[in-house]
Trainee: 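First, the structure itself, so that you have it in front of you.
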2 protein chains.
Amino acid sequence: MNKVVEVLKAVSDPTRMRILMSLMNGELCVCRITALLDLAPSTISKHLSILRQAKFLKSRKDGKWIYFELNDSSQENLVTKTLELLRKNLENDSIIKTDAVKLGRILQKSREELCKNQKIK
Amino acid sequence: MNKVVEVLKAVSDPTRMRILMSLMNGELCVCRITALLDLAPSTISKHLSILRQAKFLKSRKDGKWIYFELNDSSQENLVTKTLELLRKNLENDSIIKTDAVKLGRILQKSREELCKNQKIK
DNA sequence: TTATTATTTCGTTATTTGACGAATTATAAA
DNA sequence: TTTATAATTCGTCAAATAACGAAATAATAA
């Protein structure tokens with residue numbers, strides 16, 4: 001039961017839901033996720049570690065940057081099914097749609113010009 | 001998003017998971033759920049109200065007793081899918097299996113002989 | 001009626017959680 | 001090497017949560 005609790009707790013926070021949804025179209029570096037969500041980097045980092053611990057995410061390093069992506073290969077049926085559930089139930093959510101638009105803008109900027117504490121409206 | 005958060009938060013607590021699983025085979029009165037879980041009646045009542053608020057449960061009154069049952073008719077796809085997820089991922093859980101055995105014993109007793117603060121091992 | 005029982009509500013307390021900034025680590029750039 | 005940047009870890013604080021017991025409510029039983 002602990003594993004199930006861990007997975008569902010991980011996903012039942014609005015910020016972490018937004019992170020998962022923002023990764024539905026591919027990996028992102030931490031600084032882009034931070035720019036998207038307007039929270040302190042340390043806060044985002046903590047959320048990411050909770051999601052990774054629960055097996056929702058995996059990460060890779062690229063120099064200074066760390067990229068996170070959905071761990072769909074996670075043979076863990078529960079994780080995969082939970083992601084499906086989120087996708088289905090949040091794709092029309094207004095916050096998620098706003099995030100998607102903002103993410104589009106964030107992706108147009110290079111990491112270099114983006115990642116100095118810049119706020120994107 | 002609030003609705004999704006409410007539903008997933010409701011289900012990501014071990015006691016509430018056990019309550020939901022205990023109801024998979026049909027309705028139970030509060031006193032039987034309380035006897036099953038060894039928690040104070042007020043605690044159980046609070047958990048039940050959280051689950052009802054999130055639309056996992058509905059209740060009916062029978063004299064002194066209040067019965068709760070799963071709200072599968074809850075056209076809410078999210079609720080139904082979440083219950084499926086729980087069922088699949090918890091049916092082999094050791095705590096859930098122990099609960100099922102204990103519930104069997106609890107169901108053999110009448111409400112009257114059960115419901116005076118009796119503890120069932 | 002009065003007493004008892006089932007459940008809920010309320011107030012309190014301890015624990016968990018989510019947020020932040022400061023300090024730390026690791027890498028890249030000057 | 002020194003400086004700057006990306007990310008994490010740590011300590012702190014406020015808010016949320018889960019537990020309890022006491023009191024309130026509602027129904028039955030005596």
Trainee: Pick out the pairs of N or O atoms, protein on one side and nucleotides 11-14 of chain D on the other, that lie under 3.5 Å.
Mentor:
none

Trainee: Applying the 4.5 Å side-chain criterion to the ILVMFWY set and letting contacts propagate, would A:L103 and A:L20 be lumped into a single cluster?
Mentor: yes
Trainee: Using a cutoff of under 3.5 Å, can you pull out all pairs of nitrogen or oxygen atoms linking the protein to nucleotides 24-27 of chain D, with atom names and distances?
Mentor:
{"unit_1": "D:dA26", "atom_1": "O3'", "unit_2": "B:K61", "atom_2": "NZ", "d": "3.3"}
{"unit_1": "D:dA27", "atom_1": "OP1", "unit_2": "B:K61", "atom_2": "NZ", "d": "3.2"}

Trainee: Given atom CG of B:L37 and atom P of C:dT7, what is their separation to the nearest angstrom?
Mentor: 13 Å
Trainee: Quickly work out the B:E6 CD to D:dT17 P distance and round it to whole Å.
Mentor: 11 Å
Trainee: If the condition is side chain to side chain contact (heavy atoms under 4.5 Å, CB included), which residues does B:S49 pass it with, not counting sequence neighbours?
Mentor: B:K46
Trainee: Got a sec, which residues hit salt bridge (Lys or Arg N to Asp or Glu O under 4.0 Å) with B:E6, two or more places apart in sequence or on another chain?
Mentor: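 Scan of B:E6 (salt bridge (Lys or Arg N to Asp or Glu O under 4.0 Å), adjacent residues dropped) gives B:K3.
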Trainee: Go through the structure and list residues passing salt bridge (Lys or Arg N to Asp or Glu O under 4.0 Å) with A:R60, not counting sequence neighbours.
Mentor: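 Per chain and number, A:R60 pairs via salt bridge (Lys or Arg N to Asp or Glu O under 4.0 Å) with A:E27.
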Trainee: Keeping to residues at least two apart or across chains, list the salt bridge (Lys or Arg N to Asp or Glu O under 4.0 Å) pairs with something in residues 8-26 of chain A.
Mentor: A:R18-A:D99
Trainee: Restricting to side chain to side chain contact (heavy atoms under 4.5 Å, CB included), what partner residues turn up for B:A40, sequence neighbours left out?
Mentor: B:S42, B:T43
Trainee: Pairs of donor and acceptor atoms involving the side chains of residues 88-95 of chain B, under 3.5 Å and at least two apart or interchain, shall be tabulated with distances.
Mentor:
{"unit_1": "B:N89", "atom_1": "ND2", "unit_2": "B:L85", "atom_2": "O", "d": "2.8"}
{"unit_1": "B:D93", "atom_1": "OD1", "unit_2": "A:M1", "atom_2": "N", "d": "2.4"}
{"unit_1": "B:D93", "atom_1": "OD2", "unit_2": "B:I95", "atom_2": "N", "d": "3.0"}
{"unit_1": "B:D93", "atom_1": "OD2", "unit_2": "B:I96", "atom_2": "N", "d": "3.1"}

Trainee: According to side chain to side chain donor-acceptor pair (under 3.5 Å), who are the partners of B:K64, at least two apart in sequence or on a separate chain?
Mentor: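 Checked B:K64 against side chain to side chain donor-acceptor pair (under 3.5 Å); zero matches.
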Trainee: Tabulate protein N/O versus nucleotide N/O from nucleotides 16-18 of chain C, keeping only pairs under 3.5 Å, one per line.
Mentor:
{"unit_1": "C:dG18", "atom_1": "OP1", "unit_2": "A:D13", "atom_2": "OD1", "d": "3.3"}
{"unit_1": "C:dG18", "atom_1": "OP1", "unit_2": "A:R16", "atom_2": "NH2", "d": "3.2"}
{"unit_1": "C:dG18", "atom_1": "OP2", "unit_2": "A:R16", "atom_2": "NH1", "d": "3.4"}

Trainee: Mind calculating the distance between CG (A:L39) and C1' (D:dA7) to the nearest angstrom?
Mentor: 15 Å
Trainee: Tell me, please, which residues at least two apart from B:S12 pass side chain to side chain donor-acceptor pair (under 3.5 Å).
Mentor: A:S12
Trainee: Measuring from the side chain of A:V30 (C-beta onward, heavy atoms only), which nucleotide among D:dT8, C:dG21, C:dT8 has the closest atom?
Mentor: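 When the side chain of A:V30 is considered, D:dT8 is the closest of D:dT8, C:dG21, C:dT8.
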Trainee: Listed by chain and number, what are the side chain to side chain contact (heavy atoms under 4.5 Å, CB included) partners of A:T80, not counting sequence neighbours?
Mentor: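 Expected list: A:D72, A:E84.
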